[in-house]
Protein chains: 2
Amino acid sequence: MPADLTVTTNIDSLKKVHSRSKRDQIVQAAIKVFLENGYKATSMNRVAQEAGVIKATIYSHFKDKEQLFIAIIEELTVKKIDLNYEDLDPIMALSPDQFIDLISSKFSVLMNDPQYHRLFRLMVGESERFPELATIYVKTVILRGMDLATQYFDHHPELRIEDSAAMAHICAGSFVSLMAWQQVLGGNKLRPLEASRVKNMLRALICER
Amino acid sequence: MPADLTVTTNIDSLKKVHSRSKRDQIVQAAIKVFLENGYKATSMNRVAQEAGVIKATIYSHFKDKEQLFIAIIEELTVKKIDLNYEDLDPIMALSPDQFIDLISSKFSVLMNDPQYHRLFRLMVGESERFPELATIYVKTVILRGMDLATQYFDHHPELRIEDSAAMAHICAGSFVSLMAWQQVLGGNKLRPLEASRVKNMLRALICER
DNA sequence: GTCTATAATTAGATAGAC
DNA sequence: GTCTATCTAATTATAGAC
C-alpha cells in the first residue's frame, strides 16, 4: 500500500472538510439519532459516531447538547415542514370536495412517513422539557394549517359553518389524531381505521346538510 | 439519648414496613417521577429518594428499571383510567345533545388534568421504545371510548351516520387533539380554542342535517 | 426485606497539541 | 476547526451485613 497516497488522501479530506459540510454532517446525524432515541437517550458519542466526527468537533460547533437539539428541531420545523402558502386563491377556489381531498392527501403523506411519526413523538415527549420548541412547532406547523382551513370556511358561507376555526380544528384534529393512535401508538395493528373513511365521513358532515 | 428506645423504634418501623406498603410507596413515587421526567431522564436514585427508601429496596421489588416502568404504566392505565361501562342502556338512551355533552365533559376533565397531560407525553414519547405499553394504552383507553361512541351512533339511525366508527373517531379525535395542541404543546398561550366551541360545532354537524 | 457500600459503565464536557 | 486524551459526575445494578 503506497504510504504517500494515503497521506495525500488524508490531507485532502481534511481540507475539504473545512469548506462547509462538517456542521451539516453533524446536524443530519443528530436529526437521525435524536428522532430515533429522544433527547435524554441520545448521547453525544452516538451523534459523533453517526456523523463520522469526534465528539469535541460537535462542541466546537454547538455550545452543548441542548443547543444542538434546538438546532435540529428548528431544522425539522422552520426550515423543512414550514408551510408557506403564497398563492391562496387557487385553494380558496376549490370545491368543498376538492378541499377535503387536498387536506386528506396532505395528511396521508404524514400518515405514511415514519420520520414524521418520530418527530411527533419527540415534540410531544419533550414538550415539557422544551416548551419553547413546542411553541415553534405550534407556530410553524399547526397554526399554518389551521389558518388555511379557517380561511377556506370563511370564504365559503354557502357551507353554513357557524365557527370556521372550530371546524378547521375538527378537520385537522381528526387526521392528526388518526395518525397519532393508528401509526404512532400502533393502533393500526389492533384496529385499523382507514384515513379514507374519516375523509368520507368529514365530507358527508360538511357537504350533506 | 436512651439507646434502647431508639432500638425499639427501629425494630418497630422494620416490622411495620413488612406489612404491605413499601411497594406502593415505590410505585406512587415512580409514577410521580416518571411522569415528570420521562423514562430515560428518571433515575432510580430519584425514585428511591421520592419514595423514602433506599435504592436497593426498589431492586428487591422490581427486576430492573424497565419492569418498574411497566408496572407504573399498567397502574396508570389498566387499574386507573380503565373505562368500564357496565350499564350501557342509560347512555344509549341519551339524546344526541346529551351524548355530545357527556363525551365533552369526559374530555374536559382530561383537558384540565396536568397529570394526564404528562401521561400523554410519556405514552407518545416512549411509544417506540415500549410499543407493548402503547398497545395497552390503546386497548384500555382509546378503544373503550371509541367503542362506546360507535355503539351510540349504531343505536341512532335517525342521525343518518354513514360510518359509525369513523364518526366516533372524529368526535373523540377532535377532543384529544384539542388537548394535545392546546394543553400538551402549549398552544393555548398562542391561540386559545375553547372546548365548548368544538363541542357546539360537533353538535351542529351531527344534529343539524 | 432492608440497608451500606461499591462495582462497572457511561454520560456531558474540556484542555491542549496541531 | 479538529483530534487525543481525560476529568468529573451520574447512572444502573449488585454483594454482603443484619
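Just so we're on the same page: letters track the sequence lines, and every chain starts at 1.
- Using modelled atom types and a 3.5 Å distance limit, the side chains of N200(A) and R203(A) yield a donor-acceptor pair.
- When all heavy atoms of K40(B) and K40(A) are compared, the pair lying nearest together is CG-CG, 3.6 Å.
- Atom pair K65(B):NZ and dA10(D):C1' shows a separation of 12 Å (rounding to whole Å applied).
- One interatomic measurement links the two molecules: CD1 of I26(B) to C1' of dG1(C), which rounds to 10 Å at whole-angstrom precision.
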Criterion side chain to side chain contact (heavy atoms under 4.5 Å, CB included) on Q49(A) and N45(A), from CA distance to verdict: CA-CA 6 Å; Q49(A) 179 192 345; N45(A) 276 323; over 6 Å; no
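- Nearest nucleotide to the A56(B) side chain, out of dC3(D), dT4(C), dT12(D): dT4(C).
- The aromatic rings of F69(B) and F130(B) sit tilted relative to each other, their planes meeting at an angle between 30° and 60°.
- The shortest distance between the side-chain N/O atoms of T57(A) and the OP1/OP2 oxygens of dG1(D) is not below 4.0 Å.
- Within the structure, a side-chain polar atom (N or O) of N45(A) is placed less than 4.0 Å from OP1 or OP2 of dA11(C).
- Here D64(B) lies in heavy-atom contact (under 4.0 Å) with sugar-phosphate atoms only.
- The separation between I54(A) atom CD1 and dG1(D) atom P is 17 Å, rounded to whole Å.
- Here dC3(C) presents its C1' atom at 13 Å from CD1 of I58(B), a figure rounded to the nearest Å.
- In this model, no side-chain donor or acceptor of K22(A) finds a partner on the base of dG1(D) within 3.5 Å.
- A straight line from CG of D24(A) to C1' of dG1(D) spans 15 Å, rounded to a whole angstrom.
- In this structure, S43(B) reaches the sugar-phosphate backbone alone: every heavy-atom distance under 4.0 Å involves primed, P, OP1 or OP2 atoms, never a base.
- Using bins of under 30°, 30° to 60° and over 60° for the plane-to-plane angle, the ring pair F175(A)/F107(A) lands in the parallel bin.
- Whole-Å rounding puts the Y59(A) OH to dT4(D) P distance at 17 Å.
- Atom P of nucleotide dA9(D) and atom CE of M44(A) are separated by 19 Å, given to the nearest angstrom.
- Spacing between atom CD of Q49(B) and atom P of dT2(C) amounts to 18 Å, rounded to whole angstrom units.
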